[in-house]
Number of protein chains: 2
Amino acid sequence: MLSALANPHRLRIMATLKAEGRSYVSQLARQVGISRPLLHLHLQKLEEAGLVTSQMELSPDGKALNFFAVADFAVELTPDLLVQAAATLSARSE
Amino acid sequence: MLSALANPHRLRIMATLKAEGRSYVSQLARQVGISRPLLHLHLQKLEEAGLVTSQMELSPDGKALNFFAVADFAVELTPDLLVQAAATLSARSE
DNA sequence: ATCATGTGTCAGTAAAATCTGACATGTGTC
DNA sequence: GACACATGTCAGATTTTACTGACACATGAT
């Protein structure tokens with residue numbers, strides 16, 4: 001999740017998405033100002049991290065649109081949380 | 001700050017540092033199990049992000065030891081915060 | 001003087017993340 | 001059929017990040 005957020009484009013995507021409410025890939029690419037394949041890549045990472053949700057829909061004129069929206073989340077980022085997160089990585093002797 | 005935390009080694013460093021209370025570079029390198037130059041690099045990034053603090057001290061036998069400790073911080077990681085963070089990146093039309 | 005231990009830096013390499021420019025596929029409209 | 005607009009994927013180039021193996025310097029003990 002942290003590495004998903006460690007990127008300027010992805011932060012901007014989150015911001016735009018939050019402002020727009022929801023948007024589909026091609027439209028969002030225009031809004032953010034990056035290429036569609038690149039956006040697709042970033043959206044993939046954001047979705048894997050559970051930061052955005054996607055939903056395929058059919059537009060009135062029959063086009064398949066993949067809508068994205070920011071997920072609801074709230075994490076208290078503290079040293080203790082990091083200790084907990086580090087434990088997840090892999091068991092180590094210490 | 002987010003990109004500083006987006007790395008397994010750095011998470012482990014934070015965890016070890018939190019567990020030990022404080023530690024100096026060479027010792028910490030042994031505890032974490034990575035080379036000293038590499039640790040130095042990571043500590044640099046962590047310190048730039050304000051996640052750790054350093055303090056030069058002289059040991060009883062005259063060696064200069066650079067002690068590191070985790071800083072106190074607490075950030076509520078939410079969509080709104082990200083919007084705020086994105087605004088920091090660079091002004092854009094939109 | 002040599003050794004052990006500490007500090008930092010730096011050039012060069014290895015690995016990972018990022019980005020681009022195709023390609024393939026689908027639908028409705030001109 | 002050609003066009004406009006949507007979806008996705010993928011190979012290859014580029015850029016960042018991570019890492020290693022020196023090097024330089026300082027101190028106290030042998």
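Naming: A, B, ... by sequence-line order, numbering from 1 per chain.
Checking A:Thr16 against A:Glu20 by side-chain atom types alone, no donor-acceptor pair falls below 3.5 Å. Defined by atom type and a distance below 3.5 Å, a donor-acceptor pair is present between the side-chain atoms of A:Glu47 and A:Ser54.
Note: CG (B:Leu39) to C1' (D:dA18) measures 13 Å, nearest angstrom. Here the P atom of nucleotide C:dG6 and the CG atom of B:Asp61 are 9 Å apart, to the nearest Å. Rounded to an integer number of Å, the gap from CG of B:Leu43 to P of D:dA18 is 13 Å. Look at CD on A:Gln44: it is 14 Å from P on D:dT7, rounded to the nearest Å. The CZ atom of A:Arg12 sits 10 Å away from the P atom of C:dC19 (whole-angstrom rounding). The separation between A:Ile34 atom CD1 and C:dT20 atom C1' is 12 Å, rounded to whole Å. Atoms CG (B:Leu5) and P (D:dA18) sit 12 Å apart, rounded to a whole Å. Rounded to whole Å, atom P of C:dT7 lies 14 Å from atom CD of B:Glu47.
Among the nucleotides C:dT9, D:dA6, C:dT20, the one closest to any side-chain atom of A:Leu38 is C:dT20. Distances from the side chain of B:Lys63 to the nucleotides D:dT7, D:dT27, C:dC10 place D:dT27 closest.
Close to D:dA6, at under 4.0 Å from its OP1 or OP2, lies no side-chain N or O of A:Arg36. OP1 and OP2 of D:dT17 both lie 4.0 Å or more from every side-chain N or O belonging to B:Arg10. Contact annotation: B:Lys45 side-chain N/O to D:dT17 OP1/OP2 distance is not under 4.0 Å. OP1 or OP2 of C:dT20 lies within a sub-4.0 Å distance of a side-chain N or O belonging to A:Ser35. The side chain of B:Asn66 contributes an N or O atom lying less than 4.0 Å from OP1 or OP2 of C:dG8. For D:dC19, the OP1/OP2 oxygens have a side-chain nitrogen or oxygen of B:His42 closer than 4.0 Å. The side chain of B:His9 contributes an N or O atom lying less than 4.0 Å from OP1 or OP2 of D:dC19. A sub-4.0 Å separation between OP1 or OP2 of C:dG6 and a side-chain N or O of B:Tyr24 is present.
For the pair B:Glu57 and B:Lys63, the salt-bridge criterion is not met [side-chain N within less than 4.0 Å of a carboxylate O].
Mapped onto DNA chain C by nearest heavy atom, B:Gln27 and B:His40 fall at different nucleotides, with B:Gln27 at the one closer to the 5' end. Projected onto DNA chain C by closest heavy-atom contact, A:Asn7 and B:Ser26 fall at different nucleotides, the more 5' of which corresponds to B:Ser26.
Under a hydrophobic-cluster definition in which Ile, Leu, Val, Met, Phe, Trp and Tyr are linked whenever side-chain heavy atoms come within less than 4.5 Å, directly or via other members, B:Leu38 and B:Leu17 are assigned to the same cluster.
Counting heavy atoms from C-beta outward, A:Val52 and A:Met14 have side chains that approach closer than 4.5 Å.
Within 6.0 Å of CG in A:Asp61 there are more than 12 heavy atoms belonging to other residues, nucleotides or ligands.
Of all nucleotides present, only D:dG1 satisfies the Watson-Crick or G-U wobble test against C:dC30, with each distance under 3.5 Å.
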